[in-house]
2 protein chains.
Amino acid sequence: MSRRPKSATLPSSDGFARSDNRRTLLLDEAARLFGARGYDSTSMRDIATAVGMLPGSLYYHFPSKEDLLVAVYTIGIDQMQEAVLAAVARESDPWKRLEAAAAAHLSTLLDTSGYAAAVVADWPSPAGSVRDQLVRQRDRYEETFRELVADLPLGPHQDRQFLRLALLGALNWSLAWYKSNGDSPETIARRLVAQFRAD
Amino acid sequence: MSRRPKSATLPSSDGFARSDNRRTLLLDEAARLFGARGYDSTSMRDIATAVGMLPGSLYYHFPSKEDLLVAVYTIGIDQMQEAVLAAVARESDPWKRLEAAAAAHLSTLLDTSGYAAAVVADWPSPAGSVRDQLVRQRDRYEETFRELVADLPLGPHQDRQFLRLALLGALNWSLAWYKSNGDSPETIARRLVAQFRAD
DNA sequence: CCTACCGATCGGTAGG
DNA sequence: CCTACCGATCGGTAGG
C-alpha cells in the first residue's frame with residue numbers, strides 16, 4: 001500500500017539500489033505518458049526514450065507492456081486511496097467529508113505524475129487478460145465513495161447510487177477540460193461537489 | 001446538418017448510388033469501432049474487415065484515417081445536436097428542458113451506432129492537425145447546454161458554469177459504466193439530472 | 001542494461 | 001475497389 005516502490009529510498013552504493021532507482025524512473029515516465037496519451041497511444045519506445053534506455057532494456061524491468069500498465073495502475077489507485085482516506089479522516093460533517101474526498105481525488109488525478117490519470121484515462125480500455133484485475137482495483141476504491149455518500153442527507157430528487165455516479169463522472173471528466181492555469185484541483189472539486197448540495 | 005450522407009437513400013441502379021452505400025457502410029463501421037475502442041486502437045484493417053473491403057480500398061473513399069475520423073465526428077455531433085434541439089423544443093419548464101436535453105444526449109451517446117460515442121471516446125485524443133477543428137465542433141454543441149443551464153433557478157451552493165461541467169461529465173462518464181441490460185439511457189439521464197435539483 | 005534482431009502490423013500508395 | 005507493395009513502427013526476444 002505504499003505510494004512508490006519502497007527501495008527507491010535505499011542508498012545507491014550497490015547495484016540493487018541503482019537498479020531500483022531506474023525502475024522507479026521507468027514507472028514515473030510510463031505513468032506520465034500513459035496518463036497523458038493513454039496506454040494504446042504510448043509505445044514502449046516512447047517510454048524508453050523518456051527514460052534514456054534502449055527499447056529492449058525495458059524488458060529487464062517488466063516482462064511486458066501490460067505488466068507495466070498494471071504496476072502503474074496499482075500505484076495510481078493506491079495514491080488516490082491513500083489521499084482520500086487521509087483527507088476524510090480530518091472531517092466529520094458528511095458533506096465536508098465528501099468535499100475533502102473529492103478534493104483529494106481530483107488533486108491526485110490532476111497532478112503531473114500521471115499515475116492516477118493513467119487509471120482514469122484507460123478506464124475501459126485494456127481489453128486483455130489484465131482487465132478484470134484492474135476493474136477489481138477500481139471497484140474497491142469506489143467503495144470509499146459509496147460509504148461517504150451513504151452518510152449524506154439527501155434532497156427529495158436525489159438517490160445515493162446516482163449521486164455517486166454523477167459525482168465521480170463530474171470529477172473524472174475534468175481530465176477532459178482541466179487546464180492548469182485556472183482554478184486549483186481542490187477548488188474545482190469543491191465547486192463540483194457544491195452542485196449536488198440541495199440545502 | 002443531416003444525420004447521414006444524404007445519398008444513402010438514392011436508388012441503387014447506378015454506380016454512384018452503390019458507391020455511396022458503401023461509403024455509408026464504411027462510416028457506420030468506422031463509427032462503431034471508433035466508438036467502442038477509440039481512434040488509436042482501431043486500425044484501418046479492422047474497419048476494412050468489418051466492411052468487407054481490402055485495406056487499401058478504404059482510401060478510395062477517404063484520403064486518410066484522420067479524414068475518416070473527422071467525418072464520423074461531424075456526424076456524431078450533428079446527431080446529438082439534432083436530438084437535443086428536437087427534445088428541448090417540446091418542453092418549456094427549465095428543468096424539464098434540461099432533462100429532455102440530457103435524455104437526448106445520452107440516448108444518442110449510448111446507442112449502438114457509435115457515432116456520438118466516437119466523439120466522447122476520443123475527446124482529448126487526436127493530437128494531430130484536425131484537433132482544433134474537432135474541439136470547435138464540440139464547443140458549439142456545448143453552447144446549447146450553456147443556454148439551458150442559464151434558464152435554471154439555482155440553489156444557494158450552485159453556479160451555472162460548474163453545474164454545466166458537472167452535468168456533462170456525469171452524462172459522458174456513463175460510457176465508462178453503462179451496461180445495456182439495466183436502466184434505459186433516458187432513465188439514467190433523468191436520474192443523473194435529478195441529482196442537481198436543489199428544490 | 002546493450003547489441004542485434006524477429007515477425008507482425010501499421011497507415012498509406014501506384015497502377016489498373 | 002482489387003493487386004501488390006512500401007517504409008515505418010510495433011511489442012518482444014536471445015545472448016551477452
Side-chain angles (χ1 to χ4, degrees), chain A residues 5 7-8 12-30 33-34 37-73 118 122 125-131, chain B residues 5 7-8 12-30 33-34 37-73 118 122 125-131:
Chain A
S7 330
S12 57
S13 50
D14 62 41
F16 260 85
R18 179 151 182 277
S19 164
D20 244 36
N21 283 335
R22 299 291 284 169
R23 187 191 143 100
T24 302
L25 178 60
L26 203 173
L27 280 168
D28 284 351
E29 294 301 322
L33 290 164
F34 289 162
R37 306 187 210 158
Y39 176 76
D40 280 328
S41 307
T42 303
S43 72
M44 291 299 264
R45 279 161 179 82
D46 291 337
I47 299 169
T49 300
V51 81
M53 287 182 191
L54 292 180
S57 304
L58 301 181
Y59 296 87
Y60 169 77
H61 298 282
F62 292 92
S64 74
K65 189 186 178 188
E66 264 197 352
D67 284 285
L68 185 47
L69 175 65
V70 170
V72 166
Y73 213 96
D122 291 302
S125 282
S129 55
V130 297
R131 207 201 131 101
Chain B
S7 328
S12 57
S13 49
D14 60 41
F16 260 81
R18 179 152 183 277
S19 165
D20 244 36
N21 283 335
R22 298 290 285 168
R23 187 191 143 98
T24 302
L25 178 60
L26 203 172
L27 280 168
D28 284 351
E29 293 301 322
L33 289 164
F34 288 161
R37 306 186 209 158
Y39 177 74
D40 280 326
S41 307
T42 302
S43 72
M44 292 297 265
R45 279 158 178 84
D46 291 337
I47 299 169
T49 301
V51 82
M53 288 180 190
L54 291 181
S57 304
L58 302 181
Y59 295 87
Y60 169 76
H61 297 282
F62 292 91
S64 74
K65 189 185 177 187
E66 264 196 353
D67 285 285
L68 185 48
L69 176 65
V70 170
V72 166
Y73 213 97
D122 290 301
S125 280
S129 55
V130 297
R131 207 202 131 101

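So you know, we letter chains A, B, ... as the sequences are listed, proteins then strands, and number each from 1. Predicted model only: the values in this text are computed from it and were never measured.
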Inset, instruction - Starting from P on C:dC1, measure out to CZ on A:R23 and report it in whole angstrom. - result: 12 Å

Legend entry - Value in whole Å for how far the P atom of C:dG11 lies from CD1 of B:I47: 8 Å

Legend entry - Nucleotide nearest B:Y59 (side chain, heavy atoms from C-beta), chosen from C:dG12, D:dC1, D:dT3: C:dG12

Legend entry - Gap between atoms CE and C1', on A:M44 and C:dC5 respectively (whole Å): 17 Å

Inset, instruction - Tell which nucleotide pairs with C:dG16, taking only Watson-Crick or G-U wobble pairs whose two distances are both under 3.5 angstrom. - result: D:dC1

Inset, instruction - Calculate the interatomic distance between B:F62 atom CZ and C:dG11 atom C1'; express it in whole Å. - result: 16 Å

Legend entry - Any side-chain heavy-atom pair of B:K65 and B:L69 under 4.5 Å: no

Inset, instruction - Could you check which of D:dG12, D:dC2, C:dC10 has an atom nearest any side-chain atom of A:S64? - result: D:dG12

Legend entry - Between D:dG11 (P) and A:L33 (CG): distance, integer Å: 12 Å

Legend entry - Identified pairing partner of D:dG11, criterion: Watson-Crick or G-U wobble below 3.5 Å: C:dC6

Legend entry - Residue B:M53, side-chain heavy atoms: nucleotide from D:dG12, D:dC2, C:dC1 that is nearest: D:dC2

Inset, instruction - Side chain of B:L54 only, please: which of D:dT3, D:dC1, D:dG11 is the nearest? - result: D:dT3

Inset, instruction - Examine D:dT9: is either OP1 or OP2 under 4.0 Å from a nitrogen or oxygen in the side chain of A:S43? Give yes or no. - result: no

Legend entry - Whole-Å distance separating the OH atom of B:Y60 from the P atom of C:dA14: 17 Å

Inset, instruction - Give the rounded distance in Å between these two atoms: CG of B:L58 and C1' of C:dC10. - result: 13 Å

Inset, instruction - Any chance you could measure A:D122, atom CG, to A:R131, atom CZ, to the nearest 0.5 Å? - result: 11.5 Å

Legend entry - Closest to the A:S57 side chain, choosing from D:dG11, C:dC1, D:dC1: C:dC1

Inset, instruction - Kindly indicate whether the side chain of B:R45, heavy atoms from C-beta on, has any atom under 4.5 Å from the side chain of B:P55. - result: yes

Inset, instruction - Kindly point out which of C:dC2, D:dC1, D:dG11 is positioned nearest to the side chain of A:K65? - result: D:dG11

Legend entry - Side chain to side chain, B:Y39 and B:V72, heavy atoms closer than 4.5 Å: no

Inset, instruction - Would you please confirm or rule out a distance under 4.0 Å between OP1 or OP2 of C:dC1 and any side-chain N or O of A:R22? - result: yes

Inset, instruction - Report the nucleotide, chosen from D:dC1, C:dG12, C:dC1, that has the shortest atom-to-atom distance to any side-chain atom of A:H61. - result: C:dC1

Legend entry - Atom-pair distance (CZ on A:R45; C1' on D:dC10), nearest Å: 6 Å

Legend entry - Charged N-O contact under 4.0 Å between B:D46 and B:R37: yes

